[in-house]
Amino acid sequence: QGTGLAHDLPLRAVKELQASMRMRTRTTTERRSHKLKRMLEDRGRELVHEVQGKIRDARNGNAKECDVLDEGESCEIDFQAEIGFALLQIKVETLNAIDAAVRRLEEGTYGDCVECGDEIHEARLRALPFAIRCRECEEAREMSTNRSRGLASRHGSSAPRFELSN
């Protein structure tokens, strides 16, 4: 009859193999998370450097004496300054999104949609590493936002609309 060791051996081997696979998966996930975190932090540093440079350039530009400009030149300079400010604002918003993505990575919620809780597809995260919504939820949000803007314009509302959520 035996002690049952021969019977237990395959079960034990299967359990050890499963434990090994879980460990390997965890290690791969941790490595991927570490790589992603490093990439996000590197991009964040680049943006900080760019933003600081733009602010420094703006301060130096304002400190210089301006030549007398005609109205057309003055309008062109104002227009370029507005575009520069809008681009700077986009970079700051991107930097904030990167910081939030790094926090989610550290919390273990990175890659989960904030709306439905489903996993955000890897292709979307590769294209937009700080995405907080899956494609379906983002599309629904955009349609809702566009509908709200359409209703406001039909009712004659000219008040500016500000979005506070991502």
Practice problem: Could you walk me through whether E138 and R124 pass side chain to side chain contact (heavy atoms under 4.5 Å, CB included), step by step? | Solution: CA-CA 11 Å; E138 186 63 35; R124 179 167 171 76; 3.6 Å; yes

Problem set entry | Steps toward side chain to side chain contact (heavy atoms under 4.5 Å, CB included) verdict (N146, R149) | CA-CA 5 Å; N146 290 340; R149 287 182 183 154; 4.1 Å; yes

| said: Could you go through I55 and L88, starting from their C-alpha distance and side-chain angles, then the distance that decides it, and tell me whether this counts as side chain to side chain contact (heavy atoms under 4.5 Å, CB included)? | reply: CA-CA 9 Å; I55 291 171; L88 184 63; 4.3 Å; yes

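The CD1 atom of I120 sits 12.5 Å away from the CZ atom of R135 when rounded to the nearest 0.5 Å. Rounding to the nearest 0.5 angstrom, the gap separating the CG atom in L125 from the NE2 atom in H121 is 10.0 Å. Between the CG atom in D57 and the NZ atom in K54 there is a gap of 6.5 Å [rounded to 0.5 Å]. Note that NZ of K35 and CE of M39 are 9.0 Å apart. Values are rounded to the nearest 0.5 Å. Within the model, atoms CD1 of I98 and NZ of K37 stand 14.0 Å from one another, a figure rounded to the nearest 0.5 Å.
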Quiz: residues 40-52 side-chain donor-acceptor pairs under 3.5 angstrom, not counting sequence neighbours:
from	atom 1	to	atom 2	distance (Å)
D42	OD1	R45	NH2	2.3
R43	NH1	E46	OE1	3.0
E50	OE1	K91	NZ	2.7

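For T145 (side chain) and R141 (main-chain N/O), a donor-acceptor pair under 3.5 Å exists by modelled atom type. Formation of a donor-acceptor pair under 3.5 Å by the Y110 side chain with backbone atoms of P129 is found in this model.
Residues L105 and L128 fall within the same hydrophobic cluster, defined by Ile, Leu, Val, Met, Phe, Trp and Tyr side chains chained together at heavy-atom separations under 4.5 Å. Cluster annotation: F130 is not connected to V92 through the hydrophobic network of ILVMFWY side chains, with a link wherever side-chain heavy atoms come within less than 4.5 Å.
Salt bridge status for R133 with E139: absent, with no side-chain N to carboxylate O gap under 4.0 Å.
Here the shortest heavy-atom pairing between R104 and A131 reads NH2-O, 3.5 Å. Heavy-atom minimum distance, C134 versus C113: N-SG, 3.4 Å.
Residues meeting the salt bridge (charged side-chain N to carboxylate O under 4.0 Å, His left out) test with E122, sequence neighbours left out: R126.
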